[in-house]
Colleague: 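One structure coming up, written as structure tokens, with questions to follow.
Residue numbers start from 1 in every chain, and the chains themselves are labelled A, B, ... in the order their sequence lines are given, proteins ahead of strands.
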Amino acid sequence: MKIKKLNTAFFDRDALLVAPELVGKILVRQFEDGQQIRLRITETEAYCGEEDKGCHASKGKTPRTEVMYMEAGTIYIYLIYGMYQMLNFVTEKENLPHAVLIRGAGEFNGPGKLTKAFKITGILNRKNICTNGELWIEDDGYKADILAAPRIGIDYAGEEWASRPWRFTDKLAQIKPSSAKLK
DNA sequence: TCTCCGATTCACT
DNA sequence: GTGAATCGGAGAA
């Protein structure tokens, strides 16, 4: 199948629809020196709006979370534990704080490792995945066999939200699960 | 201004 | 299995 770059329309939907479909897509990182990294996404997680207690935007719009209220396809980079960058893509229309976290791609099985390998930093925050020339996603027609599982690292949101099966992985890739603590 | 803590990872016991 | 590293955002004071 012809390889195509994902457009805004792909992201302009519910995160619960976008997250599983992103699994199997190709994440492309273009560096200034011409070097390019291409890895197939193997693990994602969905965060859906203010009612989702596991979502950063659950407490309303703040300087940090307003990125999630921006248009579909906006890149949301978040620094966690003072040392790791999380890579997310905003979905849904403006004012609807939905986002999809990229937890793993290719040989990298954790969000922190992924962003380190891709040299993802806050400078990409708020840029759009469809229009910037440094990071984007391509679809080569690969159909992933999706496996849904509970999200990780959001116990503070409470059992009800932490147990939602909103983490999606490629059953075939079956790389070792994310090294994040599984409880 | 001050304090608390996280969408994690890695070294060490 | 346990705990340190490390810092900006959010909420309290």
Side-chain angles (χ1 to χ4, degrees), chain A residues 11 13-23 25 27 29 37 39-70 72-92 95-127 129 135 137 146-170 173 175-183:
Chain A
F11 296 95
R13 295 177 295 155
D14 192 302
L16 286 176
L17 293 176
V18 178
E21 288 187 34
L22 272 180
V23 177
K25 295 294 185 292
L27 184 63
R29 175 72 162 112
I37 298 179
L39 289 175
R40 195 179 297 284
I41 296 173
T42 57
E43 186 173 6
T44 65
E45 272 184 21
Y47 289 88
C48 302
E50 298 180 352
E51 66 171 18
D52 175 4
K53 294 300 182 294
C55 181
H56 287 161
S58 65
K59 291 172 183 168
K61 199 171 182 176
T62 68
R64 177 177 66 159
T65 65
E66 66 176 1
V67 179
M68 284 198 274
Y69 291 77
M70 293 172 72
T74 301
I75 299 171
Y76 172 39
I77 304 295
Y78 168 64
L79 178 66
I80 188 64
Y81 299 120
M83 43 177 72
Y84 296 108
Q85 307 283 146
M86 301 283 106
L87 172 62
N88 305 255
F89 297 127
V90 175
T91 72
E92 268 287 8
N95 297 317
L96 283 180
H98 282 215
V100 175
L101 165 69
I102 305 302
R103 291 193 65 86
E107 64 196 281
F108 306 103
N109 64 337
K113 294 176 181 177
L114 178 68
T115 53
K116 181 181 178 184
F118 273 64
K119 293 184 171 59
I120 301 291
T121 66
I123 62 173
L124 289 173
N125 197 28
R126 294 166 177 263
K127 288 192 176 182
I129 193 64
L135 184 71
I137 296 177
I146 306 299
L147 183 66
R151 290 179 292 179
I152 291 175
I154 55 169
D155 290 352
Y156 65 87
E159 178 66 26
E160 178 185 354
W161 292 100
S163 62
R164 290 291 167 95
W166 289 353
R167 177 163 62 98
F168 305 94
T169 59
D170 182 342
I175 51 173
K176 16 187 194 302
S178 169
S179 51
K181 289 179 182 175
L182 292 167
K183 294 188 178 179

Colleague: For the residue pair A:Lys61 and A:Tyr69, would you count it as a cation-pi contact if the rule is NZ or CZ under 6.0 angstrom from the ring centre and within 45 degrees of the ring axis?
Modeller: yes
Colleague: Quick one, A:His98 and A:Phe11 - any side-chain contact, counting heavy atoms below 4.5 Å?
Modeller: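 A:His98 vs A:Phe11: side chains apart.
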Colleague: Given A:Glu45 and A:Arg164, is the salt bridge (Lys or Arg N to Asp or Glu O under 4.0 Å) satisfied, shown in steps?
Modeller: CA-CA 10 Å; A:Glu45 272 184 21; A:Arg164 290 291 167 95; over 6 Å; no
Colleague: Compare all side-chain heavy atoms of A:Val67 with those of A:Asn125 and state whether any distance is below 4.5 angstrom.
Modeller: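 In contact.
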Colleague: Taking all atoms of both residues into account, what is the closest heavy-atom pair of A:Trp161 and A:Gly54, and its distance?
Modeller: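 In terms of heavy atoms, the two residues are closest at CB-N, 4.4 Å.
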Colleague: Please state how far atom CD in A:Gln85 lies from atom P in C:dG9, giving the value in whole angstrom units.
Modeller: 11 Å
Colleague: Can you tell if the side chain of A:Arg40 reaches within under 4.5 Å of the side chain of A:Lys25, non-hydrogen atoms only?
Modeller: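 Sidechains of A:Lys25 and A:Arg40: no contact.
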Colleague: Please convert DNA chain C into dot-bracket. A pair counts if it is Watson-Crick or G-U wobble with both distances under 3.5 Å; crossing pairs go in [ ] and bases paired with another strand get |.
Modeller: |||||.||||||.
Colleague: Quick one: NZ on A:Lys113 to OH on A:Tyr84, what's the gap to the nearest 0.5 Å?
Modeller: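 A:Lys113 NZ to A:Tyr84 OH: 9.0 Å, rounded to 0.5 Å.
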Colleague: Can you check the distance between B:dC12 and C:dT6, where both ends of the measurement are the P atom (answer in whole Å)?
Modeller: 14 Å
Colleague: Would you say that A:Leu135 contacts A:Ile129 through its side chain, given a criterion of any heavy-atom pair below 4.5 Å between the two side chains?
Modeller: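 Yes - at least one pair of side-chain heavy atoms lies under 4.5 Å apart.
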Colleague: In whole angstrom, give the distance that lies between atom CZ of A:Phe108 and atom P of B:dC10.
Modeller: 11 Å
Colleague: So, using side-chain hydrogen bond (donor to acceptor under 3.5 Å, both in side chains) as the criterion, who are the partners of A:Thr115 when residues are at least two apart?
Modeller: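 For A:Thr115, no residue satisfies side-chain hydrogen bond (donor to acceptor under 3.5 Å, both in side chains) once neighbours in sequence are set aside.
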Colleague: In a table with atom names and distances, give each donor-acceptor pair under 3.5 Å that connects a side chain of residues 13-23 of chain A to protein atoms at least two apart or in another chain.
Modeller:
| from | atom 1 | to | atom 2 | distance (Å) |
| --- | --- | --- | --- | --- |
| A:Arg13 | NE | A:Phe10 | O | 3.0 |
| A:Arg13 | NH1 | A:Glu21 | OE2 | 3.1 |
| A:Arg13 | NH2 | A:Phe10 | O | 3.1 |
| A:Arg13 | NH2 | A:Glu21 | OE1 | 3.2 |
| A:Asp14 | OD1 | A:Leu16 | N | 2.7 |

Colleague: If you take any heavy atom closer than 4.0 Å to DNA chain C, which residues from residues 60-68 of chain A end up in contact?
Modeller: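 DNA chain C contact set from residues 60-68 of chain A: A:Thr62, A:Pro63, A:Arg64, A:Thr65.
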Colleague: Can you sort out which residues in residues 49-57 of chain A have a heavy atom within less than 4.0 Å of DNA chain C? Ascending by number, please.
Modeller: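 Under 4.0 Å from DNA chain C: no residue of residues 49-57 of chain A.
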Colleague: For nucleotides 5-8 of chain C, list the nitrogen or oxygen atoms of the protein found under 3.5 Å from its nitrogen or oxygen atoms, one pair per line.
Modeller:
| from | atom 1 | to | atom 2 | distance (Å) |
| --- | --- | --- | --- | --- |
| C:dT6 | O2 | A:Tyr81 | O | 2.4 |

Colleague: For A:Leu101, answer base if it contacts any base atom (sugar-phosphate contacts may also be present), sugar-phosphate if it contacts only those atoms, and nothing otherwise; contact means non-hydrogen atoms under 4.0 Å.
Modeller: base
Colleague: Side chains of A:Phe89 and A:Thr44: does their closest heavy-atom pair fall under 4.5 Å?
Modeller: no
Colleague: I'd like to check A:Leu87 versus A:Leu124 (side-chain heavy atoms, cut-off strictly below 4.5 Å). Are they in contact?
Modeller: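 Not touching, per the 4.5 Å side-chain cut-off.
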Colleague: Is A:Lys113 near enough to B:dC10 that one of its side-chain N or O atoms lies under 4.0 angstrom from OP1 or OP2?
Modeller: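 The answer is yes; a side-chain N or O of A:Lys113 sits under 4.0 Å from OP1 or OP2.
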Colleague: In whole angstrom, what separates A:Ile102's CD1 from B:dT8's P?
Modeller: 14 Å
Colleague: Cation over ring, A:Arg151 on A:Tyr47, under 6.0 Å and within 45°?
Modeller: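 Cation-pi check for A:Arg151 and A:Tyr47: passes.
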